[in-house]
Amino acid sequence: MGGADGLNTAASMTGPRLLTRAALPVDTAALARCLIGKLLVRALPEGVATGRIVETEAYVVGDAAGHAYRGETPRNRSLFLERGHAYVYVAYGRSDMLNVSSEEAGVGAGVLIRALEPLEGVPLMQSNRGVERVRELTRGPGRLCAALRIDRRLDGIDLCREGSLWLGDDAHASDDIGESVRIGISKDVDRALRFYVRSSPFVSGPTSLNR
DNA sequence: AGTGCGATTGACT
DNA sequence: GTCAATCGCACTA
């Protein structure tokens, strides 16, 4: 597609534009904030499911709550990939969690994707989740992975390449972004490293954290 | 080889 | 609001 085609209507066949690695800040907290409003695109045999990222958490370098804190292991090695790669793990034996690696290669840190606003492929997400209510589809890190059928087979993939799972850019810049402490951790509990869209009904967490 | 623990969710009072 | 399910993995021995 040529750059001369400036208009891009909703009816256009043109999908989301890839979010390039160069557009990602080389800093975990900055990346967590940057990813708010961006798109997550999942290509499945049945079709495409897309959501807008409305909640993230940063697990920064030297963070006792982060999985990379004690160094590289077989499970967390994807956190040490160059920024923009997927780190997927299973929490509590039942929920898959999606993170975006966030620093230079060899440095372990990441951004947890905690909630999406469903955009495209809602019926597919409903089918994957076994839930009808759109508001509950992708509200929470485990739920969004179930909705997009994300599991550890996607661990380590490059999210800055159009493939089975990738990040899309979006012009949606002017949302009011809130900050709070992170949810569900027991170490480094006081740091304000959670970011969310204040006006979004799709964010997770208690209302007390979403003001 | 055994143990303890979660970056959660869904069911229930 | 409370609470138990559930299992991969890191850690100890």
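Quick note on labels: first sequence line is chain A, next is B, and so on, each numbered from 1. Heavy atoms only: backbone and side chains are in, while hydrogens, waters and symmetry mates are out.
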Which of these, A:Arg211, A:Arg191, A:Arg198, A:Arg33, sits in a salt bridge (Lys or Arg N to Asp or Glu O under 4.0 Å) with A:Glu179?
->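 So, applying the salt bridge (Lys or Arg N to Asp or Glu O under 4.0 Å) to A:Glu179 and each of A:Arg211, A:Arg191, A:Arg198, A:Arg33, only A:Arg33 qualifies.
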
Which is it for A:Leu148 and A:Leu116 under the side-chain contact (heavy atoms from CB on, under 4.5 Å) test, yes or no, and what are the steps along the way?
-> CA-CA 10 Å; A:Leu148 300 189; A:Leu116 304 175; 3.7 Å; yes

Which pairs of donor and acceptor atoms, one on a side chain in residues 85-94 of chain A, lie under 3.5 Å apart (sequence neighbours left out)?
| unit_1 | atom_1 | unit_2 | atom_2 | d |
| --- | --- | --- | --- | --- |
| A:His85 | ND1 | A:Glu82 | O | 2.7 |
| A:Tyr87 | OH | A:His67 | ND1 | 2.8 |

Answer yes or no: are there more than 12 heavy-atom neighbours, outside A:Arg129 itself, under 6.0 Å from its atom CZ?
->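 Yes, because the 6.0 Å sphere around CZ of A:Arg129 holds more than 12 heavy atoms from other groups.
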
Could you check A:Leu167 against A:Ile53 for side-chain contact (heavy atoms from CB on, under 4.5 Å), going step by step and ending with a plain yes or no?
-> CA-CA 10 Å; A:Leu167 291 166; A:Ile53 298 170; 4.1 Å; yes

Are any non-hydrogen side-chain atoms of A:Ser200 and A:Asp175 less than 4.5 angstrom apart?
->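 Sidechains of A:Asp175 and A:Ser200: no contact.
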
Which part of the nucleic acid does [X] contact within heavy-atom distance under 4.0 Å: base, sugar-phosphate only, or nothing?
{"X": "A:Arg129", "value": "sugar-phosphate"}
{"X": "A:Ile185", "value": "sugar-phosphate"}
{"X": "A:Arg194", "value": "nothing"}

Protein-nucleic acid N or O pairs under 3.5 Å, nucleotides 1-3 of chain C:
none

Does the ring of A:Tyr59 carry A:Arg182 above it, NZ/CZ under 6.0 angstrom from centre and within 45° of its axis?
->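 A:Arg182 over A:Tyr59 ring: yes.
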
Just the endpoints, please: which first and last nucleotides of DNA chain B, 5' to 3', lie under 4.0 Å from a heavy atom of chain A?
->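 Under 4.0 Å from chain A, the extent on DNA chain B is B:dG6 to B:dG10.
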
Contact list (N/O, under 3.5 angstrom) for nucleotides 11-13 of chain C vs protein:
none

Please figure out whether A:Lys187 or A:Pro141 has its closest DNA chain B nucleotide nearer the 5' end.
->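 Nearest-nucleotide comparison on DNA chain B picks A:Lys187.
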
Which of these passes side chain to side chain contact (heavy atoms under 4.5 Å, CB included) with A:Leu165: A:Leu98, A:Leu44, A:Val41?
->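 The single option meeting the side chain to side chain contact (heavy atoms under 4.5 Å, CB included) with A:Leu165 is A:Leu98.
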
Quick one: which of A:Glu136, A:Arg133, A:Glu132 gives a side chain to side chain contact (heavy atoms under 4.5 Å, CB included) with A:Gln126?
->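 For A:Gln126, the side chain to side chain contact (heavy atoms under 4.5 Å, CB included) check succeeds only for A:Glu132.
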
Quick one: stems involving DNA chain B, counted as three or more successive Watson-Crick or G-U pairs, both distances short of 3.5 Å.
->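 B:1-6 with C:7-12, B:8-12 with C:1-5 - these are the stems of 3 or more pairs that involve DNA chain B.
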
Give me the residues of residues 80-98 of chain A where at least one heavy atom lies under 4.0 Å from an atom of DNA chain B, by number, or none.
->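 A:Tyr89, A:Tyr92, A:Gly93, A:Arg94, A:Ser95, A:Met97 - these, ordered by number, are the residues of the stretch whose heavy atoms sit under 4.0 Å from the strand.
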
